[in-house]
Amino acid sequence: MNHDLIEELLAAQALGGLDAAEAEALASARAEHGSACLECARLEQEFAEAAAALALDLEPVPVREGFEDEVVTSALAERPAGTPAEVAPRAWSRPVEVAPSPWARRLGALAAAAALLLGGFALGRITLDETGPTGDLAVLRLQGDAPGAISVAYGPGGGVVVGSGIPDAQGNGVYALWTITGETPTLLGCFAPEAGALTGSFDGAVGGADLMAVTVEASPCPDAPTSDPIFVGEIVAA
Amino acid sequence: VVSIELDEARDRDLVRRVAAGDEEAFRGLFRRYAPNAQALALRIVRQPFLAEEIVQEAFMALWRNPSGFDPGRGSFRAWLLSLVHHRAVDLVRREESQRRRAEAAGAEPEPVVILDPADQVADRMDQAVEHAKVRSALDVLPQEQRQVIELMYFGGLSQSTIADRLALPLGTVKSRTLLGMRRLRTAMVQA
């Protein structure tokens, strides 16, 4: 993969200038290039610092009197002083088989609705080929009625997820990514967005599953989904 | 440079204390960064009450999930300002979307939050070393690169929207963005 393309997309990402398709292209490029690329991580960090510097060039606006106390009061109402914060899960976990649940019906309905909405072809449909020695990289753009965009790039042994415009989950919630085989969900991992951006990687094969889905869950990450899916993508095996 | 590193070390320590539920540490970070955060939000949404709301949301996100800040991925300052930036841009884009829907329906367009994002970059410097670095970096940016960067960062516009608005090829917008950000990045790293 062309490293220049990744740099170009990272520069725009730092400024908030990527649309959904470009965010997907970045996810795909980074997955193909290698999600652990130190140079990419350095560029991402330096571009973020450069973008923040634009904000620092603005003349600071003094906060109104009483605003600090209002914010602190709101914070303490949620978590009193001296109470340690729960640590939100960051790393992706390995797949865990979980029992089916009635939410699968909702998942089917959402998938069908998305198919109608998108003319019957989208639903992030891709062709997966895992027969080669290294396997092909596939990119799945999930569809749903929630704000933001989520794409998953994956190969035979794992993948990466990238999202943009993703709001924080309510409370201390996290976004959970599942594969669905029949009506059986398998957890790929949980993650929390940062500044609307969602990035993470996971181990485990996706092939053989019918769908991918995202739900919003309370932290810590559950073994089985407890809410309806908000994003769905159909995996079509080659 | 040493003072900046000390500032960052202090920030990291304050975040650790916030994670333990230290109210004074939370107040310390608020006092240090809320004015910058409010300036950024105000520049983007142009309405003080909305800017205040965005700042509050960002600090609440810090209090709820201090581990969202990863010191290995950059400074606390950059992380917090990116939270603010994202929320502000998200709001602007929602407003823009509503305006388009209203126009499509033939209704009177609602007021748009986005105003001219290229009207100015801050004119004055304070004594902060960081500010001086930024100003010198911005000063050497060619006008066409600065325009694209400002439209994107302060206007909340995507590259394709900027291309449409400026009647430029998308590739030109992308290359100006990249070249401008490279200059800024280099200036920030080397200064």
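All values derive from a computational prediction rather than experimental measurement. Below, chain A is the first sequence line, B the second, and so on; all start at residue 1.
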Any Lys/Arg nitrogen of A:Asp19 or B:Arg93 sitting under 4.0 Å from an Asp/Glu carboxylate oxygen of the other? no
- Looking at B:Arg182 and A:Glu7, does any basic side-chain N land under 4.0 Å from a carboxylate oxygen? yes
When the 4.5 angstrom heavy-atom criterion is applied to A:Ser74 and chain B, the contacting part is both
If one checks every heavy atom of A:Ala75 against chain B at 4.5 Å, the contacting part turns out to be both
Practice prompt. Ignoring hydrogens and angles, state whether a donor on the side chain of B:Gln159 or A:Glu22 is under 3.5 Å from an acceptor on the partner side chain.
Written response: yes
So what's closer than 4.5 Å to chain A heavy atoms on [X]: side chain, backbone, both or neither?
X: B:Ala61; value: side chain
X: B:Ala34; value: both
X: B:Leu81; value: side chain
X: B:Glu57; value: neither

Residue among [options] with most heavy-atom pairs under 4.5 Å to chain A:
options: B:Ser75, B:Ser160, B:Gly72, B:Gly180; answer: B:Ser75
options: B:Ala39, B:Ala37, B:Pro48; answer: B:Ala39
options: B:Glu23, B:His85, B:Arg27; answer: B:Arg27
options: B:Val173, B:Val148, B:Asp22, B:Leu40; answer: B:Leu40
options: B:Ser175, B:Pro35, B:Ala19; answer: B:Pro35

(request) Kindly indicate, with the supporting measurements, whether the criterion side chain to side chain contact (heavy atoms under 4.5 Å, CB included) is fulfilled by A:Glu46 and B:Thr186. (result) CA-CA 9 Å; A:Glu46 290 179 0; B:Thr186 302; over 6 Å; no
Max heavy-atom pairs within cutoff under 4.5 Å with chain B, candidates A:Arg64, A:Arg79, A:Glu44, goes to A:Arg79
In this structure, CE of B:Met152 is separated from CG of A:Leu54 (nearest 0.5 Å) by 11.0 Å
Rounded to the nearest 0.5 Å, the CD atom of A:Gln45 sits from the CH2 atom of B:Trp79 at a distance of 15.0 Å
For [X] and [Y], work out which heavy atoms get closest and say how close.
X: A:Pro60; Y: B:Asn36; answer: CG-ND2, 3.7 Å
X: A:Leu43; Y: B:Arg185; answer: CD2-NH1, 2.9 Å
X: B:Ala78; Y: A:Ala48; answer: CB-O, 4.1 Å
X: B:Met181; Y: A:Ala51; answer: CE-N, 4.3 Å
X: A:Glu8; Y: B:Leu178; answer: CA-CD1, 3.9 Å

**OP:** Taking the side chain as every heavy atom from C-beta outward, state whether B:Glu52 and A:Val63 have any pair of such atoms under 4.5 Å apart.
**Re:** no
Fill in: Evaluation steps, side chain to side chain contact (heavy atoms under 4.5 Å, CB included), between A:Glu78 and B:Met60
CA-CA 9 Å; A:Glu78 291 194 4; B:Met60 289 300 290; 3.6 Å; yes
Given B:Phe26 and A:Val72, is the side chain to side chain contact (heavy atoms under 4.5 Å, CB included) satisfied, shown in steps?
CA-CA 8 Å; B:Phe26 185 62; A:Val72 171; 4.0 Å; yes
A:Phe67/B:Val55 under side chain to side chain contact (heavy atoms under 4.5 Å, CB included): CA gap, chis, key distance, verdict:
CA-CA 10 Å; A:Phe67 183 39; B:Val55 171; 4.0 Å; yes
